[in-house]
Amino acid sequence: MAEERRFRSASGAPIALRRRQHSASCRELAVRGPRLQLRSLSAATSASSAFAWLVLQNSMVLSAAIFITLFGLIIYLHFVKIDQESLLVIGSLGIQVTSSYASGKESTTFIEMGQVKDVVINEAIHMQKVIYYLCILLQDPDDPQGVSEVVPLFQSSKPRLDCLVEVYKSCQEILGQRKTAPQSS
């Protein structure tokens, strides 16, 4: 069963949160940002080509400008523009964090549930604004009460607090099941 709700990012861009429950202890939460518009891409390429032609009126420079623009676009789509960030929380195994780039490339990180201390909403001050972000606290192996690392989530889409609360509640439902389940020795 999947449901999708619309939210806004910290910058005001529209984003969508898709929540899919695979089982009672497995939930997938995906935040999808706005897709790259072909119209704006064509306009940027045309503008840079026209600028190069008008300024220098040299076909060699125009060819170079088009090549550099296309090369830059490929780099942008493959390494920078993230279309979707997802979180797969499996109560008995761990948390998988995936970033899907506009080029189709995916980057995945898996965190074992034994390393997860908690999932929290944190706040930071950025450019004279308070922004909120979701993060995973990793348990310190030497100190059971301590935190060894903080792993921020949804760094590209930067959802606002109302969206983060939805994701947080879903994560806590599954983490709560893990904490109340009898521990086998």
Side-chain angles (χ1 to χ4, degrees), residues 1-23 26-49 66 68-91 93-111 116 118-138 149-175:
M1 168 176 126
E3 65 179 73
E4 187 167 302
R5 291 191 52 202
R6 303 271 178 213
F7 292 96
R8 296 247 173 223
S9 71
S11 64
I15 58 174
L17 171 65
R18 189 183 74 236
R19 194 176 123 162
R20 181 178 296 163
Q21 182 147 348
H22 298 285
S23 71
C26 179
R27 196 166 294 155
E28 183 178 8
L29 304 142
V31 175
R32 188 178 58 238
R35 292 199 165 267
L36 187 65
Q37 297 295 323
L38 191 56
R39 225 178 283 150
S40 62
L41 180 63
S42 300
T45 305
S46 299
S48 65
S49 300
I66 291 172
I68 290 170
T69 302
L70 291 176
F71 184 72
L73 176 66
I74 290 169
I75 297 296
Y76 175 75
L77 292 176
H78 195 68
F79 294 108
V80 178
K81 176 65 172 125
I82 295 177
D83 277 342
Q84 178 174 298
E85 295 173 288
S86 65
L87 192 64
L88 179 64
V89 184
I90 305 169
L93 290 176
I95 299 174
Q96 178 177 299
V97 180
T98 304
S99 297
S100 302
Y101 291 82
S103 66
K105 177 181 116 171
E106 286 190 349
S107 172
T108 302
T109 304
F110 183 77
I111 302 168
V116 176
D118 205 355
V119 174
V120 298
I121 295 176
N122 208 351
E123 61 186 18
I125 298 173
H126 178 71
M127 301 294 285
Q128 301 176 347
K129 286 186 348 185
V130 175
I131 59 168
Y132 299 93
Y133 61 96
L134 194 70
C135 56
I136 301 171
L137 303 178
L138 299 183
E149 190 177 342
V150 176
V151 179
L153 304 171
F154 306 118
Q155 289 183 307
S156 178
S157 53
K158 294 181 176 63
R160 288 187 179 170
L161 184 59
D162 54 350
C163 181
L164 291 176
V165 168
E166 292 280 325
V167 176
Y168 171 79
K169 286 179 181 177
S170 288
C171 290
Q172 287 302 323
E173 286 175 22
I174 294 174
L175 291 175

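- For the 3.5 Å distance criterion, the side chains of Ser156 and Glu85 fail to qualify, holding no donor opposite an acceptor.
- Between Leu87 and Phe154 the shortest side-chain heavy-atom distance falls below 4.5 Å.
- In this structure, Gln128 has no side chain to side chain contact (heavy atoms under 4.5 Å, CB included) partners at least two apart in sequence or on a different chain.
- Arg6 and Ala16 get closest at one heavy-atom pair: NH1-CB, 3.3 Å.
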>> I'd like to know whether Leu134 forms a side chain to side chain contact (heavy atoms under 4.5 Å, CB included) with Val119, so could you lay out the CA-CA distance, the side-chain angles of the two residues, the decisive distance to 0.1 Å, and finally the verdict.
In response: CA-CA 7 Å; Leu134 194 70; Val119 174; 3.9 Å; yes
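- Rounded to the nearest 0.5 Å, atoms SG (Cys135) and OH (Tyr168) are 10.5 Å apart.
- Residues satisfying the salt bridge (charged side-chain N to carboxylate O under 4.0 Å, His left out) criterion with Glu173, sequence neighbours excluded, are Arg27.
- Of the residues listed (Val116, Ile95, Val89, Leu153), the one engaging Cys171 in a side chain to side chain contact (heavy atoms under 4.5 Å, CB included) is Val89, and it is the only one.
- Atom OG of Ser23 is separated from atom CD1 of Ile174 by 7.5 Å, given to the nearest 0.5 angstrom.
- The distance from atom CZ of Arg18 to atom OG of Ser86, rounded to the nearest 0.5 Å, is 7.5 Å.
- In this structure the side chain of Glu3 never reaches within 4.5 angstrom of the side chain of Gln21, judged on heavy atoms.
- For the side chain to side chain contact (heavy atoms under 4.5 Å, CB included) test, residues two or more places apart in sequence or in another chain that qualify with Arg8 are Pro14, Arg160.
- Under the side chain to side chain contact (heavy atoms under 4.5 Å, CB included) criterion, Pro152 pairs with Tyr133, Gln155, sequence neighbours left out.
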> Can Leu137 and Val150 be said to form a side chain to side chain contact (heavy atoms under 4.5 Å, CB included), step by step?
Replying inline: CA-CA 5 Å; Leu137 303 178; Val150 176; 3.8 Å; yes
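- Of all non-hydrogen atoms in Tyr101 and Phe79, the two that sit nearest each other are CE2-O, 3.4 Å.
- Among all heavy-atom pairs drawn from Asp83 and Ala102, the shortest one is OD2-CA, 3.4 Å.
- With rounding to the nearest 0.5 angstrom, the CG atom of Leu73 is 13.5 Å from the CD1 atom of Ile68.
- When the salt bridge (charged side-chain N to carboxylate O under 4.0 Å, His left out) test is applied to Glu166, the partners found at least two apart in sequence or on another chain are Arg5.
- Annotation for Tyr132 and Ile121: closest pair CB-CG2, 4.1 Å, computed over non-hydrogen atoms.
- Distance check: Gln172 CD to Asp118 CG gives 5.0 Å after rounding to the nearest 0.5 Å.
- Qualifying side chain to side chain contact (heavy atoms under 4.5 Å, CB included) partners for Gln96, counting only residues two or more places apart in sequence or in other chains: Leu88, Thr98, Thr108, Phe110.
- Rounding to the nearest 0.5 Å places CG of Leu138 at 5.0 Å from CD1 of Ile111.
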